[in-house]
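We use all heavy atoms of the structure for the numbers below, so side chains are in, but hydrogens, waters and symmetry mates are not. Protein chains get the first letters and strands the later ones, always in sequence-line order, with residue 1 at the start of each.
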There are 2 protein chains.
Amino acid sequence: MTGIRVMLVDDQELLRASLRTVLSADERIEVTHDVANGGDAVEVVRRHRLDVVLMDIRMPRMDGVAATAEIVRIAPATRVLMLTTFDDDELVVAAIRAGASGYLTKDVRPAALAQAVCDVASGTSALAPGVAATILDLVRQVPVRRTAALDGLTPREVEIFGLLARGRSNGEICAELVLSENTVKSHVRAILQKLDLRDRVHAVIHAYENGLVGRNDLPD
Amino acid sequence: MTGIRVMLVDDQELLRASLRTVLSADERIEVTHDVANGGDAVEVVRRHRLDVVLMDIRMPRMDGVAATAEIVRIAPATRVLMLTTFDDDELVVAAIRAGASGYLTKDVRPAALAQAVCDVASGTSALAPGVAATILDLVRQVPVRRTAALDGLTPREVEIFGLLARGRSNGEICAELVLSENTVKSHVRAILQKLDLRDRVHAVIHAYENGLVGRNDLPD
DNA sequence: TGCCGTCTCACCCCTTGGTGTGATGTCGGC
DNA sequence: GCCGACATCACACCAAGGGGTGAGACGGCA
């Protein structure tokens with residue numbers, strides 16, 4: 001049986017050569033292609049089945065992020081592993097979003113690199129320690145659902161708050177819940193008072209800031 | 001000089017013993033304590049300086065997540081490395097949020113474990129490949145700042161949209177930008193028309209849904 | 001030169017929203 | 001049975017917001 005089919009993408013020919021040497025030393029891996037830029041990489045992916053693409057992020061003629069996005073689009077089974085000199089926060093995030101399965105820096109030890117290639121080929125991910133820290137910081141920023149943000153509201157008020165937060169007008173709320181508009185106004189007033197909010201506008205902000213409505217809880 | 005001071009926290013005594021053996025084999029590491037539950041771990045952290053806490057996530061008497069949160073609170077310099085049998089999505093995220101610097105599963109190879117302890121001690125992070133995949137999925141869900149969401153707005157309108165999105169009333173905007181209220185209304189009207197929004201309420205929602213204002217871009 | 005986009009402002013109009021006050025009915029607990 | 005919490009609704013008032021129209025000033029560009 002053949003090993004994991006790998007393509008190297010980097011504009012430095014010397015680095016490609018040394019990567020080829022390092023990876024070929026691992027019997028699980030077979031380096032089948034190497035190219036100098038993202039555009040060529042996409043072409044190769046279009047024509048050949050590959051398991052892993054090892055890609056530099058900065059390159060002439062289509063950078064690594066754009067190439068990654070294109071590759072995962074046309075060949076979802078092919079994993080992309082970014083390999084760069086720095087762990088620039090923005091590039092990490094951009095690469096991950098583009099669909100990269102891992103992100104290593106070039107100071108990685110050969111054995112760890114080969115292991116990472118095998119890891120991503122088997123569907124998991126690989127992150128260099130420094131990069132992992134960046135990613136974890138990002139995760140920590142993800143909102144926490146603070147239920148305390150609705151403290152003191154009655155069940156009915158919570159319900160109406162939900163509609164309020166999605167941009168419903170009093171009229172719409174009264175139609176949806178089959179209530180008189182006066183009733184809705186009473187509830188809204190109670191909500192604003194209890195949460196110490198000025199407006200329904202501030203109610204919406206309150207909801208988003210406290211993670212009470214997620215993004216993609218789209219109003220319509 | 002002494003090595004990295006490590007505490008083991010796990011309710012299985014046998015596992016603690018084997019971890020101690022494995023880690024002590026690495027000359028950079030010195031296992032100074034081991035305890036069976038989160039509560040005891042917190043006590044130890046309160047009394048002794050530690051570099052790394054290797055913690056199981058499921059335990060009697062204070063689980064790993066709660067213990068982690070407490071430890072990073074009272075000793076921010078101490079790194080917590082979670083070590084569990086499964087890479088349950090929710091637990092991973094909870095642990096990371098609580099402040100864990102890494103997350104390994106118990107199928108890790110001894111050498112990799114020792115390396116991970118050194119990594120987190122030096123301030124970076126360590127993620128098992130399977131866990132990394134979970135985390136990356138999460139990152140991919142994080143909103144993208146779609147500047148297209150403000151397409152067609154003039155610079156002035158973009159500026160006013162920013163205030164609108166933070167819950168400012170027309171009166172406040174006109175005071176902040178030194179404009180007449182009529183002018184502000186004109187701009188707001190143009191904004192709502194161009195973006196096809198009904199309300200200033202929907203403008204706020206639009207802003208959050210498109211990542212144009214982040215959480216913690218608090219209105220006041 | 002004239003045109004166009006942008007920013008500025010002024011009216012006017014009507015709808016919606018926020019506030020105050022008060023009333024009714026229901027339910028559960030003491 | 002009484003009380004308090006909750007949900008329901010009414011009426012009135014005023015402020016704020018959204019919409020229409022028009023218009024002057026400025027700057028860039030053909």
Side-chain angles (χ1 to χ4, degrees), chain A residues 147-210 212-213 217-220, chain B residues 147-210 212-213 217-220:
Chain A
T147 43
L150 290 180
D151 252 12
L153 296 196
T154 69
R156 193 56 154 173
E157 287 163 355
V158 171
E159 187 181 7
I160 290 178
F161 182 89
L163 297 171
L164 207 52
R166 282 169 182 73
R168 301 285 196 277
S169 69
N170 289 339
E172 288 168 338
I173 295 174
C174 95
E176 257 174 88
L177 301 184
V178 198
L179 288 176
S180 102
E181 180 144 3
N182 284 314
T183 305
V184 174
K185 283 175 138 194
S186 290
H187 286 305
V188 170
R189 194 181 332 143
I191 292 169
L192 296 181
Q193 259 177 10
K194 286 182 181 177
L195 300 183
D196 193 28
L197 298 166
R198 195 175 63 182
D199 264 349
R200 60 205 303 113
V201 175
H202 281 87
V204 172
I205 294 175
H206 181 77
Y208 276 96
E209 289 292 338
N210 291 96
L212 301 169
V213 295
D217 282 350
L218 286 163
D220 304 307
Chain B
T147 44
L150 291 180
D151 252 13
L153 297 195
T154 69
R156 193 55 153 173
E157 287 163 356
V158 171
E159 187 181 6
I160 290 179
F161 181 89
L163 297 171
L164 207 52
R166 281 169 184 73
R168 301 284 195 278
S169 69
N170 289 338
E172 287 168 338
I173 295 174
C174 96
E176 257 174 89
L177 301 184
V178 197
L179 288 176
S180 103
E181 181 145 2
N182 283 314
T183 304
V184 175
K185 283 175 133 193
S186 290
H187 286 304
V188 170
R189 197 180 327 138
I191 292 169
L192 296 181
Q193 259 177 9
K194 286 183 182 178
L195 300 182
D196 193 27
L197 299 167
R198 194 174 64 182
D199 263 346
R200 60 206 304 111
V201 176
H202 281 85
V204 172
I205 294 175
H206 181 76
Y208 276 96
E209 289 292 338
N210 292 97
L212 300 169
V213 296
D217 282 350
L218 285 162
D220 302 309

Revision key, fill the gap. Taken to the nearest whole Å, CG/A:L179 to P/D:dA7 is 11 Å

Practice item. Taking only the side-chain heavy atoms of B:D199 (C-beta and beyond), determine which of C:dT8, C:dG18, D:dG18 contains the nearest atom. Key: D:dG18

Check your understanding: Among the nucleotides C:dC7, D:dG20, D:dC9, which one has an atom lying closest to any side-chain atom of B:P155?
Key -> C:dC7

**Study point:** d(CD, A:Q193; P, C:dG20) in whole Å
**Key:** 7 Å

Point to revise | Heavy-atom closest contact (A:A190 atom, A:E157 atom, distance) | key: CB-OE2, 3.3 Å

Point to revise | Atom-to-atom span, NE2 of A:H187 to P of D:dA7 - whole angstrom | key: 6 Å

Check your understanding: Roughly how many Å is it from CG in B:L164 to C1' in D:dG17, rounded to a whole number?
Key -> 11 Å

Point to revise | Ring geometry between B:H206 and B:F161 (parallel below 30°, tilted from 30 to 60°, perpendicular above 60°) | key: perpendicular

Check your understanding: Are OP1 or OP2 of D:dA10 and a side-chain N or O of A:S180 less than 4.0 angstrom apart?
Key -> yes

Check your understanding: Taking NE2 from A:H202 and P from D:dA16, how many angstroms apart are they, rounded to a whole number?
Key -> 14 Å

Check your understanding: Can you find a side chain N or O atom of B:R198 that sits less than 4.0 Å from OP1 or OP2 on D:dG18?
Key -> no

Check your understanding: Any side-chain heavy-atom pair from A:R156 and A:L177 closer than 4.5 angstrom?
Key -> yes

Point to revise | Selected nucleotide, minimal atom distance to B:R189 side chain, candidates D:dA7, C:dG18, D:dG19 | key: D:dG19

**Study point:** B:N182 side-chain N/O to C:dC9 phosphate OP1/OP2 under 4.0 Å
**Key:** no

Check your understanding: Which of the following nucleotides, D:dG19, C:dC7, C:dG18, is nearest to the side chain of B:K185?
Key -> D:dG19

Review point. Can you check the A:L177 CG to D:dC9 P distance for me, whole Å?
Key: 11 Å

Check your understanding: Given side chains that start at C-beta, do those of A:V184 and A:E176 come closer than 4.5 Å, heavy atoms only?
Key -> no

Point to revise | Nearest-Å distance for atom pair CD/P, residues A:E181 and D:dC11 | key: 13 Å

Check your understanding: What is the distance from atom NE2 of A:H187 to atom SG of A:C174, rounded to the nearest 0.5 Å?
Key -> 11.5 Å

Check your understanding: Roughly how many Å is it from CZ in B:R200 to C1' in D:dA15, rounded to a whole number?
Key -> 13 Å

Review point. Does B:T183 have a side-chain nitrogen or oxygen under 4.0 Å from the phosphate oxygens OP1 or OP2 of C:dT8?
Key: no

Point to revise | Residue A:S169, side-chain atoms from C-beta onward, closest of C:dA10, C:dG17, D:dC9 | key: C:dG17

**Study point:** B:N170 side-chain N/O to D:dA16 phosphate OP1/OP2 under 4.0 Å
**Key:** no

**Study point:** Options C:dC9, D:dA12, D:dA7, nucleotide nearest the side-chain atoms of B:S186
**Key:** C:dC9

